[in-house]
Amino acid sequence: MGDVDNVPGLAAESLIVKIGENVARLSAETTEAHPEVPWSLIKPMRDRLAHHYDGTDYGAVWDTLVVDLPAISDYLRPLRQR
């Protein structure tokens, strides 16, 4: 599949990579204070997408975007309201 044919998949991939980069910048204090958030899964997903270009499963990327990220957002909502 060419890039032109996969714009939604590439956009989803880009969002997940950016989220992973931001999570990597969080302090240990922040991540330890909120163990309910699956921090340890977010950065490895970013690393996989950023460094294993030919092995990207865009079905899994899309599932992450529409299933996992909304669930993570629910964990983070109380933190954003502080």
Side-chain angles (χ1 to χ4, degrees):
M1 178 182 304
D3 288 351
V4 173
D5 299 326
N6 192 24
V7 170
L10 293 170
E13 180 179 22
S14 178
L15 287 170
I16 294 167
V17 167
K18 288 180 182 187
I19 290 167
E21 289 171 358
N22 284 301
V23 166
R25 292 184 186 115
L26 293 174
S27 69
E29 177 182 289
T30 299
T31 58
E32 290 168 6
H34 303 285
E36 69 280 7
V37 180
W39 305 115
S40 64
L41 300 177
I42 297 170
K43 188 170 182 310
M45 179 75 165
R46 176 257 177 233
D47 293 344
R48 173 123 177 97
L49 292 173
H51 300 292
H52 299 281
Y53 316 104
D54 59 340
T56 300
D57 176 350
Y58 286 100
V61 168
W62 195 253
D63 287 345
T64 298
L65 185 69
V66 300
V67 176
D68 299 329
L69 291 181
I72 291 169
S73 179
D74 288 344
Y75 288 124
L76 299 176
R77 188 167 288 112
L79 301 177
R80 291 189 308 251
Q81 294 173 351
R82 289 184 184 174

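Along the sequence shown, residues are numbered consecutively beginning with 1. Just so we're clear, the structure is a prediction, and the values are computed from it rather than from any experiment.
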Is there a path of hydrophobic side-chain contacts, each under 4.5 Å between heavy atoms of I, L, V, M, F, W or Y residues, that connects Ile42 with Trp62? yes
Measuring only between side-chain heavy atoms, which start at C-beta, is Asp68 closer than 4.5 Å to Asp63? no
Within a strict 4.5 Å, meaning less than it, do heavy atoms of the Tyr75 and Pro38 side chains meet? yes
Nearest 0.5 angstrom please: Leu26 CG to His34 NE2, how far? 9.5 Å
Interatomic distance, Ser73 atom OG to Ile19 atom CD1 [nearest 0.5 angstrom]: 9.0 Å
Closest heavy-atom pair and its distance - Gly55, Arg48: O-NH2, 3.5 Å
Taking C-beta and beyond as the side chain, do Thr31 and Val37 meet within less than 4.5 Å on heavy atoms? no
Does the side chain of Met45 come within less than 4.5 Å of Thr64's, by heavy atoms? yes
Heavy-atom check, side chain of Leu15 versus side chain of Lys18, under 4.5 Å: no
What are the two closest heavy atoms between Asp57 and Gly59, and how far apart are they? OD1-N, 3.0 Å
Non-hydrogen atoms of Val61 and Ala12 that approach each other most closely: CG1-CB, 3.7 Å
Check whether any side-chain heavy atom of Arg46 lies under 4.5 Å from a side-chain heavy atom of Ile16, and answer yes or no. no
Answer yes or no: are there more than 12 heavy-atom neighbours, outside Glu36 itself, under 6.0 Å from its atom CD? yes
Gap between atom CH2 of Trp39 and atom OG1 of Thr30 - 0.5 Å precision: 7.5 Å
